[in-house]
Amino acid sequence: MDPQIIEKVVQEMADFTPEMGEIEGVALLKGICDVWDSVYNFQARDGDIVVATYPKSGTTWMQEILDLVVHDADVEKSLRAPAFIKVPFLDMGHTSLELANSMPSPRVLKTHMPIHLVPPSFWKKDVKFVYVARNPKDCMVSYYYFYKMDQTLADPGTWDNFFSMFMAGNVTWGNWFDHVLGWWKAKDKHKILYMFYEDMIEDPQREIQKVITFLGKDFSEDMVQKILQHTSFKSMKNNSMANFTVLPESVFDQSATTFMRKGTVGDWKNHFHDSQNIIFDEEYKKKMEGSDLVFRTEF
Ligand code: PPS
């Protein structure tokens with residue numbers, strides 16, 4: 001892997017500022033809005049595999065799984081580069097798009113875009129999407145710590161303040177409800193495998209097998225075990241290619257909280273006040289009414 005491309009991508013991340021903008025009602029970093037034309041006009045290819053998520057829903061976990069499935073459980077190969085290089089993050093703009101364009105197929109690509117902002121070329125090609133959704137309460141907690149860690153984002157202030165930001169959809173990539181519902185409604189019209197973080201925690205082997213089948217592969221038990229082992233929370237936390245420690249502190253300051261933070265279901269109980277839980281549950285009921293999309297917030 002060319003070290004210069006890693007430097008270029010890191011620099012692109014470092015150049016983002018906390019200023020916010022908006023595209024079609026979706027809150028995004030102004031830096032992303034500024035390069036929107038190139039992101040939206042990105043050219044998909046037949047055979048592309050896209051991991052799509054609302055932030056903090058298990059994206060990096062799925063990136064590692066997909067990379068291993070595409071490369072037939074070759075763990076050595078998976079250590080060739082950091083996750084954000086192996087799986088270009090399309091939303092970031094020029095360097096990540098260049099990186100994606102320079103990759104041989106089949107490519108694994110990442111986006112946090114709600115479905116209506118996905119570059120239209122993806123719907124014209126033979127592309128497989130793996131969407132990972134996580135229950136909103138844990139997602140919110142994880143996002144709060146991420147906002148504190150990512151130095152290119154505005155300081156979120158207190159937990160109470162972040163709670164209000166999240167509820168208003170005033171965070172990067174917008175409103176959680178719109179995101180998960182939009183992809184859910186589209187899942188039967190396109191090749192979309194809709195996965196849940198909680199299912200992956202409950203039975204990672206079963207969920208990895210779903211991904212293997214979706215990508216049309218047939219692996220031995222030994223290969224599945226390799227993927228399972230290499231993508232466990234503990235392995236990824238200690239893997240510098242997966243845990244973002246290759247980023248300088250000026251981008252991700254992991255001194256107070258690490259990217260691979262807890263990796264559990266139910267941490268929201270340590271953060272939500274009773275009143276916040278009531279407000280949240282009321283909003284959830286309203287927004288999810290009429291949908292058969294169901295989340296588990298605890299086991
Ligand atoms: S990002 O920044 O949006 O790409 O973040 P994302 O990767 O979607 O989400 C980060 C959270 O996923 C947890 N994680 C894992 N959990 C269990 N097992 C594995 N292997 C794993 N890898 C990442 C990570 O710890 C973040 O969740 P929290 O709750 O903050 O720990």
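For clarity, every value in this text was computed on a predicted model and none was experimentally measured. Whatever order the structure lists ligands and atoms in, that order sets their numbers, starting from 1.
Residue Met260 approaches ligand 1 through these ligand atoms, each under 4.0 Å from one of its heavy atoms: 22 (N), 23 (C), 25 (O). Atoms of ligand 1 lying under 4.0 Å from at least one heavy atom of Pro55, given by number and element, are 3 (O). The atoms of ligand 1 that sit less than 4.0 Å from any heavy atom of Met236 are 20 (N), 22 (N).
With a 4.0 Å cut-off on non-hydrogen atoms, Phe259 touches ligand 1 through its backbone as well as its side chain. Heavy atoms from both the backbone and the side chain of Ser142 come within less than 4.0 Å of ligand 1. Contacts between Ser232 and ligand 1 below 4.0 angstrom, taking non-hydrogen atoms only, involve the backbone exclusively. Contacts between Lys110 and ligand 1 below 4.0 angstrom, taking non-hydrogen atoms only, involve the side chain exclusively.
Geometrically, Lys128 engages Phe214 in a cation-pi contact, judged by NZ or CZ lying under 6.0 Å from the ring centre and within 45° of the ring axis.
Between Thr60 and ligand 1, at least one pair of N/O atoms sits closer than 3.5 Å. Looking at Gly58 next to ligand 1, an N or O pair under 3.5 Å apart turns up.
Assignment of Tyr197 to the shell around ligand 1 is supported, since a heavy atom sits closer than 4.0 Å. Under a 4.0 angstrom heavy-atom cut-off, Phe146 registers as being in contact with ligand 1. Within the 4.0 Å heavy-atom cutoff, Tyr143 does not count among the residues contacting ligand 1. Distances from ligand 1 to the non-hydrogen atoms of Thr231 include at least one value under 4.0 Å.
Between Trp159 and Phe272, the ring-plane angle classifies as tilted under the 30° and 60° cut-offs.
The only member of Phe244, Phe84, Phe233 that meets ring pair (Phe, Tyr, Trp, His ring centres under 6.0 Å) when paired with Phe259 is Phe244. The residue from Trp268, Tyr197, Trp176 that alone fulfils the ring pair (Phe, Tyr, Trp, His ring centres under 6.0 Å) condition with Phe295 is Trp176.
For the pair Val108/Gln63, no side-chain contact is recorded, criterion being any heavy-atom separation below 4.5 Å from C-beta on. Side chains of Thr59 and Phe89 form no contact here, defined as non-hydrogen atoms less than 4.5 Å apart. Between Met236 and Thr231, the closest side-chain pair of non-hydrogen atoms falls below 4.5 Å.
In this structure, atom 8 (O) of ligand 1 lies nearest to the protein heavy atom Thr59 OG1, 2.4 Å. Nearest protein heavy-atom contact of atom 1 (S) of ligand 1 is Lys56 NZ, 3.6 Å. From the protein, the heavy atom lying nearest to atom 19 (C) of ligand 1 is Trp61 CD2, 3.4 Å.
Between Phe162 and His271, a ring centre-to-centre spacing not shorter than 6.0 Å is recorded. Between Trp173 and Phe146, the distance separating the two ring centers is not shorter than 6.0 angstrom. Ring to ring, Tyr54 and Trp183 are not that close: their centroids are 6.0 angstrom or more apart.
Relative to atom 25 (O) of ligand 1, the option among His112, Arg261, Arg134 with the closest non-hydrogen atom is Arg261.
Checked by atom type and distance alone, the side chain of Ser121 pairs as donor or acceptor with a backbone atom of Ala44 at under 3.5 Å.
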